[in-house]
Amino acid sequence: MSNLVGALSETKDATEETKMICDQVRASVEEKTKKKYEEFRAVKYMSQIVAGVNFFIKVDVGGDKYLHLKVFKRLTGTEANVVLLDVLEDVGKDDPIVYF
């Protein structure tokens with residue numbers, strides 16, 4: 001993570017933490033997009049320190065399709081403190097993760 005509050009980190013490979021966050025918000029993503037995904041695998045992410053951490057996560061949903069998720073994690077870090085904020089659909093494998 002970047003040491004500057006509010007600054008985005010560089011893009012990194014998904015970690016166990018980001019994979020777990022994706023698992024926690026999957027149902028919310030499927031509800032928001034009105035789609036069920038056979039695959040749902042975090043591959044890359046960026047983070048932003050705010051009053052907690054915003055995660056911008058690239059998710060492989062199969063068939064050469066990707067999503068970008070914006071997820072907020074409160075500083076307490078419990079499962080109940082992870083919230084899906086937004087989803088970008090129709091993202092390509094090589095599309096960079098950007099702030100949204």
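This chain uses plain numbering: 1 for the first residue, then up along the sequence.
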Fill in the blank from the handout: Applying side-chain contact (heavy atoms from CB on, under 4.5 Å) to Asp86 and not counting sequence neighbours gives Lys32, Lys70, Phe100
Practice task
Would you please name every residue forming a side-chain contact (heavy atoms from CB on, under 4.5 Å) with Lys19, sequence neighbours left out?
Solution key: Ala14, Glu16, Ala42
Decide yes or no for [X] and [Y]: does some side-chain heavy atom of the first lie under 4.5 Å from some side-chain heavy atom of the second?
X	Y	result
Leu84	Phe72	no
Val82	Val71	yes
Lys35	Glu89	yes
Asp13	Lys44	yes
Lys65	Glu39	no
Leu67	Leu88	no
Pro96	Thr11	no
Thr33	Val87	yes

Practice task
Check whether more than 12 heavy atoms from other residues, nucleotides or ligands sit under 6.0 Å from atom CD of Glu38, and answer yes or no.
Solution key: no
Spatial distance of atom [atom1] ([X]) from atom [atom2] ([Y]) [nearest 0.5 Å]:
X	Y	atom1	atom2	value
Gln48	Asn54	CD	CG	5.0 Å
Cys22	Ile57	SG	CD1	4.0 Å
Met46	Tyr99	CE	OH	11.5 Å

Practice task
Look at the side-chain heavy atoms of Ile, Leu, Val, Met, Phe, Trp and Tyr, link any pair under 4.5 Å apart, and say whether Leu85 and Val50 land in one connected group.
Solution key: yes
Handout entry: Pairs satisfying salt bridge (charged side-chain N to carboxylate O under 4.0 Å, His left out), at least one member in residues 48-57, at least two apart
Key = none
Exercise for the section: Heavy atoms only: give me the nearest His68-Ile97 pair and the separation to one decimal. Expected result: CE1-CA, 3.6 Å
Problem - N/O donor-acceptor pair under 3.5 Å between Lys58 side chain and Asp95 backbone - result: yes
Practice task
Indicate, with yes or no, if the rings of Tyr45 and Phe56 have centres closer together than 6.0 Å.
Solution key: no
